[in-house]
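Numbers for residues simply follow the sequence, beginning at 1. Atoms considered below: every heavy atom in the structure, side chains included; atoms not considered: hydrogens, waters and symmetry mates. Note that ligands are numbered from 1 as they come in the structure, with each ligand's atoms numbered from 1 the same way.
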Amino acid sequence: MSQGPYSDTVMDHFEHPRNMGEIEEADGMAQVGNPACGDVTRIFLKIENGRIVDVKFKTFGCAAAIASSSMTTELIKGKTIDEALALTNEVVARELGGLPEAKLHCSVMAEEALRAAIEDYKRKHGQQDNT
Ligand code: FES
(Lines give C-alpha, C1' and ligand atoms only; values in the text may rest on other atoms or scores of the structure.)
Protein backbone atom coordinates (compact mmCIF):
# COMPACT_ATOMS: atom_id res chain seq x y z
CA MET A 1 0.00 0.00 0.00
CA SER A 2 2.93 2.24 -0.61
CA GLN A 3 1.89 5.56 -2.03
CA GLY A 4 4.01 8.44 -3.06
CA PRO A 5 7.77 8.26 -3.24
CA TYR A 6 8.46 6.16 -0.15
CA SER A 7 8.68 2.42 0.39
CA ASP A 8 6.48 0.72 2.99
CA THR A 9 9.56 0.27 5.20
CA VAL A 10 10.30 3.99 5.11
CA MET A 11 6.72 4.78 6.01
CA ASP A 12 6.77 2.22 8.83
CA HIS A 13 9.92 3.73 10.37
CA PHE A 14 8.59 7.24 9.85
CA GLU A 15 5.29 6.46 11.55
CA HIS A 16 6.77 4.20 14.22
CA PRO A 17 10.35 5.36 14.76
CA ARG A 18 12.52 2.91 16.70
CA ASN A 19 14.72 4.17 19.53
CA MET A 20 13.49 7.73 19.43
CA GLY A 21 14.44 9.84 22.43
CA GLU A 22 17.49 10.79 24.42
CA ILE A 23 19.97 9.06 26.70
CA GLU A 24 20.93 10.99 29.77
CA GLU A 25 24.64 10.97 30.40
CA ALA A 26 25.27 9.38 27.04
CA ASP A 27 28.80 8.10 26.46
CA GLY A 28 28.77 9.73 23.05
CA MET A 29 26.46 12.34 21.61
CA ALA A 30 26.47 14.47 18.51
CA GLN A 31 24.24 16.74 16.54
CA VAL A 32 24.64 17.34 12.85
CA GLY A 33 22.70 19.49 10.47
CA ASN A 34 21.91 18.95 6.85
CA PRO A 35 23.16 22.04 5.02
CA ALA A 36 20.85 21.28 2.10
CA CYS A 37 17.67 21.82 4.10
CA GLY A 38 18.56 22.91 7.65
CA ASP A 39 17.22 19.73 9.27
CA VAL A 40 18.99 18.30 12.31
CA THR A 41 19.71 14.87 13.81
CA ARG A 42 21.04 13.99 17.24
CA ILE A 43 22.40 10.58 18.18
CA PHE A 44 23.02 9.38 21.73
CA LEU A 45 25.16 6.31 22.47
CA LYS A 46 25.61 4.16 25.51
CA ILE A 47 28.81 2.15 25.11
CA GLU A 48 30.10 -0.69 27.27
CA ASN A 49 33.27 -2.66 26.54
CA GLY A 50 33.43 -1.26 23.03
CA ARG A 51 29.86 -2.26 22.23
CA ILE A 52 26.86 -0.03 21.61
CA VAL A 53 24.45 -1.27 24.26
CA ASP A 54 21.90 1.49 23.72
CA VAL A 55 21.23 4.17 21.15
CA LYS A 56 18.58 6.84 20.79
CA PHE A 57 17.96 9.56 18.26
CA LYS A 58 16.11 12.79 17.76
CA THR A 59 15.57 14.06 14.26
CA PHE A 60 13.94 17.26 13.18
CA GLY A 61 13.52 16.59 9.52
CA CYS A 62 11.64 14.96 6.71
CA ALA A 63 10.22 11.45 6.59
CA ALA A 64 13.35 10.09 4.91
CA ALA A 65 15.59 11.60 7.60
CA ILE A 66 13.50 10.19 10.43
CA ALA A 67 13.26 6.75 8.82
CA SER A 68 17.02 6.73 8.15
CA SER A 69 17.82 7.63 11.75
CA SER A 70 15.44 4.98 13.02
CA MET A 71 16.92 2.30 10.76
CA THR A 72 20.46 3.36 11.69
CA THR A 73 19.77 2.88 15.38
CA GLU A 74 18.32 -0.58 14.73
CA LEU A 75 21.31 -1.61 12.65
CA ILE A 76 23.95 -0.55 15.19
CA LYS A 77 22.35 -1.60 18.45
CA GLY A 78 24.48 -4.32 20.02
CA LYS A 79 27.26 -3.81 17.49
CA THR A 80 30.88 -2.96 18.21
CA ILE A 81 32.18 0.52 17.49
CA ASP A 82 34.07 -0.74 14.44
CA GLU A 83 30.99 -2.46 13.08
CA ALA A 84 28.98 0.74 13.58
CA LEU A 85 31.65 2.77 11.80
CA ALA A 86 31.39 0.46 8.82
CA LEU A 87 27.71 1.32 8.34
CA THR A 88 27.07 3.62 5.41
CA ASN A 89 24.04 5.56 4.34
CA GLU A 90 23.85 3.34 1.23
CA VAL A 91 23.28 0.32 3.48
CA VAL A 92 20.67 2.23 5.48
CA ALA A 93 18.86 3.28 2.29
CA ARG A 94 18.96 -0.29 1.01
CA GLU A 95 17.56 -1.66 4.26
CA LEU A 96 14.77 0.91 3.96
CA GLY A 97 13.81 -0.55 0.61
CA GLY A 98 15.40 2.34 -1.24
CA LEU A 99 15.01 6.10 -1.10
CA PRO A 100 14.11 8.47 -3.91
CA GLU A 101 17.22 9.93 -5.51
CA ALA A 102 16.37 13.41 -4.27
CA LYS A 103 16.10 12.09 -0.71
CA LEU A 104 19.41 10.24 -0.50
CA HIS A 105 21.06 13.25 1.12
CA CYS A 106 18.59 12.89 4.00
CA SER A 107 20.07 9.49 4.88
CA VAL A 108 23.57 10.96 5.05
CA MET A 109 22.64 12.93 8.15
CA ALA A 110 22.13 9.78 10.25
CA GLU A 111 25.49 8.36 9.16
CA GLU A 112 27.26 11.63 9.95
CA ALA A 113 25.57 11.94 13.33
CA LEU A 114 26.55 8.37 14.19
CA ARG A 115 30.19 8.97 13.24
CA ALA A 116 30.30 12.23 15.17
CA ALA A 117 28.77 10.57 18.25
CA ILE A 118 31.43 7.84 18.13
CA GLU A 119 34.12 10.51 17.78
CA ASP A 120 32.64 12.27 20.78
CA TYR A 121 32.84 9.01 22.73
CA LYS A 122 36.47 8.48 21.73
CA ARG A 123 37.35 12.04 22.67
CA LYS A 124 35.76 11.73 26.09
CA HIS A 125 37.19 8.33 26.85
CA GLY A 126 40.58 8.71 25.27
CA GLN A 127 42.11 5.95 23.22
CA GLN A 128 41.54 3.28 25.80
CA ASP A 129 43.44 0.05 25.72
CA ASN A 130 41.18 -2.90 25.34
CA THR A 131 43.27 -4.93 27.69
FE1 FES B 1 15.97 17.73 5.22
FE2 FES B 1 15.34 15.38 4.25
S3 FES B 1 14.71 17.31 3.53
S4 FES B 1 16.73 15.81 5.81
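Taking 4.0 Å as the cut-off between side-chain N and carboxylate O, Arg115 and Glu119 do not count as a salt-bridged pair.
The structure places NZ of Lys46 at 10.5 Å from OH of Tyr121, a figure rounded to the nearest 0.5 Å.
Distance alone, capped at 3.5 Å, places no donor-acceptor pair between the Thr80 side chain and the Gly50 backbone.
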Which pairs of donor and acceptor atoms, one on a side chain in residues 53-66, lie under 3.5 Å apart (sequence neighbours left out)?
| residue | atom | partner | partner atom | Å |
| --- | --- | --- | --- | --- |
| Lys58 | NZ | Glu22 | OE2 | 2.9 |
| Thr59 | OG1 | Thr41 | OG1 | 3.1 |
| Thr59 | OG1 | Ser69 | OG | 2.8 |

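With sequence neighbours excluded, the residues that form a side chain to side chain donor-acceptor pair (under 3.5 Å) with Gln31 are Arg42. The side chain to side chain donor-acceptor pair (under 3.5 Å) check on Lys79 picks up nothing, with sequence neighbours excluded.
For atom 2 (Fe) of ligand 1, the set of protein N/O/S atoms nearer than 2.8 Å consists of Cys62 SG, Cys106 SG, ordered by chain and number.
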